[in-house]
Amino acid sequence: MVRSTSCVRPARLTTSGWGGSPNRPGARRYPATMHDPRVLLDPATDAVRRLTRRGFALDVATLDKLLSGRNSAIQRADEARAEAKRVATSVKGASADERPARVERARELKAVIASAEEEHRGLETELRDLLLGIPNLPADDLPDGTSDADAEHVRSWGEPVELDFAPLDHVDLGEKLGILDLARATKLSGPRFAVLRGRGAKLERALARYFLELHTEQHGYTEFSVPTLVTRAALTGTGQLPKFEHDLFRTGVAERELFLIPTAEVPLTNLHAQETLATEDLPLAYTAHTPCFRSEAGSYGRDTRGLVRLHEFSKVELVRFVEASRSRTELELLVGHAEACLQGLGLAYRVVKLAAGDIGFSAEFTYDIEVWLPGQQRYREIASASDFGTFQARRAGIRTKSRDGTRGFAATLNSSGLPIGRTLVALLEQGQQADGSVRIPEALVPYTGFDVLTPA
RNA sequence: GGAAGCGUGGCAGAGCGGCCGAAUGCACUCGCCUUGAAAGCGAGAGACCCGCAAGGGUCCGGGGGUUCAAAUCCCUCCGCUUCCGCCA
């Protein structure tokens, strides 16, 4: 039962993925589009400079060589095939004398086609591999820099809570309240996992419900329940693969390979992979609450305490499919939807524009939302809202067609809306009272059924 | 996991190895007709790749094979349906 709740009819899906051998030239297939190499090579794009801002050195010479080599191979194959076609149709009407010569010519052409196709296949694969590893071009209006310290302040909301007592961090709070059990989580699964207990577990459920209701009722999102195990093709579409396999948990049963999703962005965005969306149906706004799994390789020693950086956490995600020309306008909407979550809970936060060298592989522009944590006396990232332009749509084959027949690629955007664990951290720390209890925001009470957490 | 069947354009559904990118119906677009609509009549309309263009090429689930020539024959994989088994 796959009847979609979306207004778009699913396109026919091919059964092969990225993983297989390269397809025959011209055959319907997962596209080798990712970046458009012609756009990258166009001096007007200024790709080299823009990619340098994020520390990526674009090899223009190789790209150019592969592209022109591939194109001329395609042309040679096409020409030979065109002649072969003519010769083949002429065989039937040919006289007994002419016939052997024609058949012979057809045989020759067959070999020409085969060699041109083989060359095409090889170059196509090389080109694809090169293109798949090139990140998106950062927008010019992002600040320079490569770390979160280089981010540019955009706006703040709410007052950082000034407590007239020594604030505890969420771990001490959670344990004193009897809602958080990290030691037992370690017993079950090792480091970077968490167990929530009693009102803590209920709080997690309440937050997820609160966010989902907010987005579906107030912001126009359609809720989905999606798989949390996905294919290599799906992850290639959104850009986690092939470069960042070490960040993912991989599973395998017999020959079948599946990955645990690092975010619901992956299944939600790939819902429309290999489909053509009618522009009049855009924007599409999707949300889902899923667990997320991250290996956190390379973050040894960072945020080892508490709920901030776990191998498994739960998150509500927002994804939008929009017309390419509107992506930045839509990003403003999207970041507002994420902010509404925090505003509704009365949690102080600020919005920053990430530096060009600090945004994700697939992004061209990213806002981070940072929430105030009294326990750490600083703002910490709670959500990222990114505009991917057509980067993901090209990789995943998400096309658009307007009423007048114009075709193109969609733009995709996504934001957390929000991660449950980090929200809980902020809730505990900003809501703590001198007596060790924690106030629950009014908006959440209908979902929790209680308005305060008290030490056990 | 075992057995049988099926996979053709937005949908339904034809298709003798060459005249098949593919009949027909529905849906769609544009005209005509109409106060408006329906009906009727006429015309049009797939996707992708190479090319400035003219044009050329590819696509009948994927891949491979036979042949001068494959939607059509063969192999294989995938998916779907039904029956049985196993389970939530």
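Chain A is the first sequence line, chain B the second, and so forth, proteins listed ahead of strands; every chain is numbered from 1. Worth knowing before you read on, the calculation uses all heavy atoms, side chains too, and leaves out hydrogens, waters and symmetry mates.
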>> Please give the distance between the P atoms of B/A23 and B/G36 as a whole number of Å.
In response: 35 Å
>> Counting only Watson-Crick pairs (N1-N3 plus N6-O4 or O6-N4) and G-U wobbles (N1-O2, O6-N3), all under 3.5 Å, who is the partner of B/A53?
In response: none
> Looking across every strand, which nucleic acid part, if any, lies under 4.0 Å from A/R105 by heavy atom: base, sugar-phosphate, or nothing?
Replying inline: nothing
> Considering every strand shown, what is the Watson-Crick or G-U wobble mate of B/G40 when both distances are under 3.5 Å?
Replying inline: B/C32
> What's the shortest heavy-atom distance between A/L51 and A/I134, and which atoms?
Replying inline: CD1-CG2, 3.8 Å
> Ion pair present between A/E117 and A/R81, side-chain N to carboxylate O less than 4.0 angstrom?
Replying inline: yes
>> Taking pairing as Watson-Crick or G-U wobble with both contacts under 3.5 Å, can you name the mate of B/C6, or confirm there isn't one?
In response: B/G79
>> For A/Y286 and A/F224, take the angle between the two ring planes, folded into 0 to 90°, and tell me which bin it lands in: parallel under 30, tilted 30 to 60, perpendicular over 60.
In response: tilted
> Considering only the P atoms, how many Å lie between B/C80 and B/A22, rounded to the nearest integer?
Replying inline: 32 Å
> Can you name the residues that form a salt bridge (charged side-chain N to carboxylate O under 4.0 Å, His left out) with A/K176, not counting sequence neighbours?
Replying inline: none
>> Using ring centroids (six-membered ring only for Trp), state whether A/H311 and A/F293 fall under 6.0 Å.
In response: no
> Paired with B/G1: which nucleotide, if any, by Watson-Crick or G-U wobble criteria at under 3.5 Å for both distances?
Replying inline: B/C84
> Sequence neighbours excluded, which residues qualify as side-chain hydrogen bond (donor to acceptor under 3.5 Å, both in side chains) partners of A/R107?
Replying inline: none
>> For the P atoms, the ones on B/G61 and on B/A12, what distance do you get once it is rounded to whole angstrom?
In response: 14 Å
> Quick one: A/R76 CZ to B/C50 P, roughly how many Å, whole number?
Replying inline: 16 Å
> Pairs in or reaching into residues 314-333 of chain A: which pass salt bridge (charged side-chain N to carboxylate O under 4.0 Å, His left out), with residues at least two apart or in two chains?
Replying inline: A/D141-A/R328, A/K315-A/E317, A/R320-A/E330, A/R326-A/E330
>> For the C1' atoms, the ones on B/A14 and on B/U24, what distance do you get once it is rounded to whole angstrom?
In response: 7 Å
Under 3.5 Å between N/O atoms: give me all the protein pairs with nucleotides 66-68 of chain B, atom names plus distance.
residue	atom	partner	partner atom	Å
B/C68	OP1	A/R107	NH2	2.3
B/C68	OP2	A/R107	NH2	3.4

> If pairing requires Watson-Crick or G-U wobble contacts with both distances under 3.5 Å, which nucleotide is the partner of B/U66?
Replying inline: none
>> Output the rounded distance in Å from CZ (A/R70) to C1' (B/U58).
In response: 13 Å
>> Given the structure, check if the side chain of A/D78 and the base of B/G57 hold any donor-acceptor pair shorter than 3.5 Å.
In response: no
> Is A/R422 close enough and on-axis enough to A/F313, meaning under 6.0 Å and within 45°, for cation-pi?
Replying inline: no
> Taking only residues two or more places apart in sequence or in another chain, which ones pass salt bridge (charged side-chain N to carboxylate O under 4.0 Å, His left out) with A/E257?
Replying inline: A/R232
>> Test: salt bridge (charged side-chain N to carboxylate O under 4.0 Å, His left out). Region: residues 46-56 of chain A. Which pairs qualify, not counting sequence neighbours?
In response: A/D46-A/R49, A/R49-A/D140, A/R53-A/D144
>> Partner lookup for B/C60, please. Criteria are Watson-Crick or G-U wobble with both distances under 3.5 angstrom; report none if nothing qualifies.
In response: none
>> On RNA chain B, compare the nucleotides closest to A/R407 and A/R86; which residue's is nearer the 5' end?
In response: A/R407
> Can you tell me how far C1' of B/G56 sits from CD of A/E117, to the nearest Å?
Replying inline: 15 Å
>> Can you measure A/L109 atom CG to B/G56 atom P for me and round it to whole angstrom units?
In response: 17 Å
>> What's the gap between B/C78 and B/C26 when it is taken at their P atoms, as a whole Å value?
In response: 40 Å
> What does B/A45 pair with, Watson-Crick or G-U, if both distances are under 3.5 Å?
Replying inline: none
> To the nearest Å, how far apart are A/Q274 CD and B/C48 C1'?
Replying inline: 11 Å
>> Applying salt bridge (charged side-chain N to carboxylate O under 4.0 Å, His left out), can you list everything that pairs with A/E217, at least two apart in sequence or on another chain?
In response: none
>> Please report the distance separating the P of B/C87 from the corresponding atom of B/G13, rounded so that it comes out in whole Å.
In response: 37 Å
> Under the salt bridge (charged side-chain N to carboxylate O under 4.0 Å, His left out) test, which residues partner A/D247, sequence neighbours left out?
Replying inline: none
> For atom P, what is the distance between B/A3 and B/G85, given to the nearest Å?
Replying inline: 15 Å
> For B/G18, does OP1 or OP2 lie under 4.0 Å from any side-chain N or O of A/K85?
Replying inline: no
Polar atoms only, N or O, under 3.5 Å: list the protein pairs with nucleotides 51-53 of chain B and their distances.
residue	atom	partner	partner atom	Å
B/G51	OP1	A/N71	ND2	3.1

> Atom CD of A/E124 to atom P of B/C48: distance rounded to whole Å?
Replying inline: 16 Å
>> Measure CZ/A/R81 against P/B/A69 and give the value in whole Å, please.
In response: 13 Å
> Considering only the P atoms, how many Å lie between B/C60 and B/C73, rounded to the nearest integer?
Replying inline: 14 Å
>> Counting only side-chain nitrogens and oxygens, does A/R399 get under 4.0 Å of the OP1 or OP2 atom of B/A47?
In response: no
> Once you round it to whole Å, what is the distance between C1' of B/C48 and CD of A/E275?
Replying inline: 17 Å
>> Using heavy-atom distances to pick each residue's nearest nucleotide on RNA chain B, tell me which of A/K401 and A/A82 is more 5'.
In response: A/K401
